[in-house]
Number of protein chains: 2
Amino acid sequence: MDLVAIYQCLCDRTRLRILHLLLSGPLCVCHFQDVLREPQVKVSKHLRYLRENGLVEAERCANMMIYRLPAKPSAQLKANLACLQDCVREEKVFREDAARLKKLRDGFGPDTPTCVREPAKACC
Amino acid sequence: MDLVAIYQCLCDRTRLRILHLLLSGPLCVCHFQDVLREPQVKVSKHLRYLRENGLVEAERCANMMIYRLPAKPSAQLKANLACLQDCVREEKVFREDAARLKKLRDGFGPDTPTCVREPAKACC
DNA sequence: TTGTTATATACCGATAAGGGAATATACCTC
DNA sequence: GAGGTATATTCCCTTATCGGTATATAACAA
């Protein structure tokens with residue numbers, strides 16, 4: 001995995017949003033769908049892309065997949081994720097995503113997805 | 001110019017090499033050709049891409065074009081260029097480029113291009 | 001003017017990227 | 001087993017990217 005591959009992962013807005021969310025902790029696919037408000041295929045394909053390039057790791061838990069940032073990121077990846085975290089502050093989309101994620105995590109009514117209402121059961 | 005556009009510029013190896021060279025100062029196109037050992041079209045087109053996205057600035061000087069990093073880079077760009085400078089250390093291509101550029105700048109025989117032998121005349 | 005050097009552009013082909021619709025797989029529950 | 005939920009994959013289309021060959025432009029020099 002070289003530097004170019006990292007930037008190739010970072011050069012799509014959806015993937016940036018995904019990585020930004022992961023900076024605050026592991027998430028399952030339905031979280032992403034809900035927070036990003038993007039269709040399941042789209043999310044799934046971008047996650048696959050990130051995974052194939054070593055930018056995220058995945059683990060099955062019951063019938064859902066939990067995605068997280070690599071436990072041992074390379075120096076290059078670490079540097080770029082830190083840089084990303086600085087840069088996203090300036091853009092609205094990312095702040096909105098963060099706000100929606102917070103809402104989900106805080107728990108909001110009976111219509112929020114199971115994996116959010118019952119994190120223990122959903123392993124995340 | 002948003003974050004995605006920056007990463008789109010960074011996700012090609014030739015453009016990374018160009019930006020890396022620019023981190024050590026302005027250069028004209030023939031420098032790039034020589035150091036990168038890439039054909040003129042290729043260099044020119046990547047420079048155009050970078051310019052259109054605000055990652056480099058250009059100025060004509062006599063019959064050559066001098067490219068440089070923006071005088072007033074955005075916070076996002078500044079952060080990413082700093083990150084880039086850290087990351088390139090790990091990869092051979094960049095070190096080799098730097099070595100070739102140094103050779104050129106130190107002046108090497110009568111077969112080096114005019115714009116390198118006579119920097120004053122070439123405004124760089 | 002003509003020629004020369006430096007750089008840019010147009011055009012073409014090959015490949016990759018990104019998105020959606022439909023379908024498949026994996027796991028759970030009953 | 002059947003049915004449900006969560007996620008992945010396949011197929012198809014559209015558009016972007018990258019590279020090369022050939023040609024055009026800009027500025028200088030004689």
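As the structure is a computational prediction, the values presented were derived from the model and not from experiment. These values consider heavy atoms only, across backbone and side chains, with no hydrogens, waters or symmetry-generated copies. Letters go in sequence order (proteins before strands), and every chain restarts at 1.
Toward the 5′ end of DNA chain C lies the nearest nucleotide of A:Tyr49, the other residue of the pair A:Tyr49 and A:Asn63 mapping further downstream.
Within the 4.5 Å cutoff, side-chain heavy atoms of A:Leu77 are placed close to those of A:Pro70. The shortest side-chain heavy-atom distance between A:Ile18 and A:Tyr49 does not fall under the 4.5 Å cut-off. Contact annotation: the side chain of B:Asp2 never approaches that of B:Tyr7 to less than 4.5 Å [non-hydrogen atoms, C-beta and beyond].
Screening residues 16-28 of chain B for salt bridge (Lys or Arg N to Asp or Glu O under 4.0 Å), with sequence neighbours left out, gives B:Arg17-B:Glu38, B:Arg17-B:Asp97.
Nucleic acid contact class of B:Arg15 (heavy atoms, under 4.0 Å, all strands): sugar-phosphate only. Within the nucleic acid shown, B:Tyr67 comes within 4.0 Å of sugar-phosphate atoms alone, with no base atom in reach, counting heavy atoms only.
Nucleotide C:dA6 holds its P atom 15 Å from the CG atom of B:Leu27, rounded to whole Å. For the pair A:Ile18 CD1 and C:dG19 P, the computed distance is 10 Å after rounding to whole Å. Here C:dA16 presents its P atom at 23 Å from OH of A:Tyr7, a figure rounded to the nearest Å. The separation between B:Met65 atom CE and C:dT7 atom C1' is 8 Å, rounded to whole Å. Distance CD (A:Glu59) to P (D:dA8): 13 Å, rounded to an integer number of Å. The distance from atom CG of B:Leu50 to atom P of D:dT17 is 13 Å, rounded to the nearest whole Å. Taking atom CD1 of residue A:Ile66 and atom P of nucleotide D:dA6, one finds them 12 Å apart after rounding to whole Å. One interatomic measurement links the two molecules: CG of A:Leu47 to C1' of C:dA17, which rounds to 16 Å at whole-angstrom precision.
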Distances under 3.5 Å between nitrogen or oxygen atoms of protein and nucleotides 9-15 of chain D:
none

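Phosphate proximity of D:dT17 to B:His46: absent, as no side-chain N or O sits under 4.0 Å from OP1 or OP2.
When each of D:dT7, C:dA26, C:dA6 is scored by its nearest atom to the side-chain atoms of A:Met64, the top-ranked nucleotide is D:dT7. Checking D:dG19, C:dG20, C:dT7 against the side-chain heavy atoms of A:Pro39 singles out C:dG20 as nearest. Closest approach to the A:Asp12 side chain among C:dC28, C:dA6, C:dG18 is made by C:dG18 (side chain taken as heavy atoms from C-beta onward).
Between B:Met65 and B:Ala58, the closest heavy-atom pair is CE-CB, 3.8 Å.
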Could you walk me through whether B:Asp86 and B:Arg89 pass salt bridge (charged side-chain N to carboxylate O under 4.0 Å, His left out), step by step?
CA-CA 6 Å; B:Asp86 276 357; B:Arg89 292 170 210 269; 3.7 Å; yes

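In this structure A:Glu52 satisfies the side chain to side chain contact (heavy atoms under 4.5 Å, CB included) test together with A:Arg48, sequence neighbours excluded.
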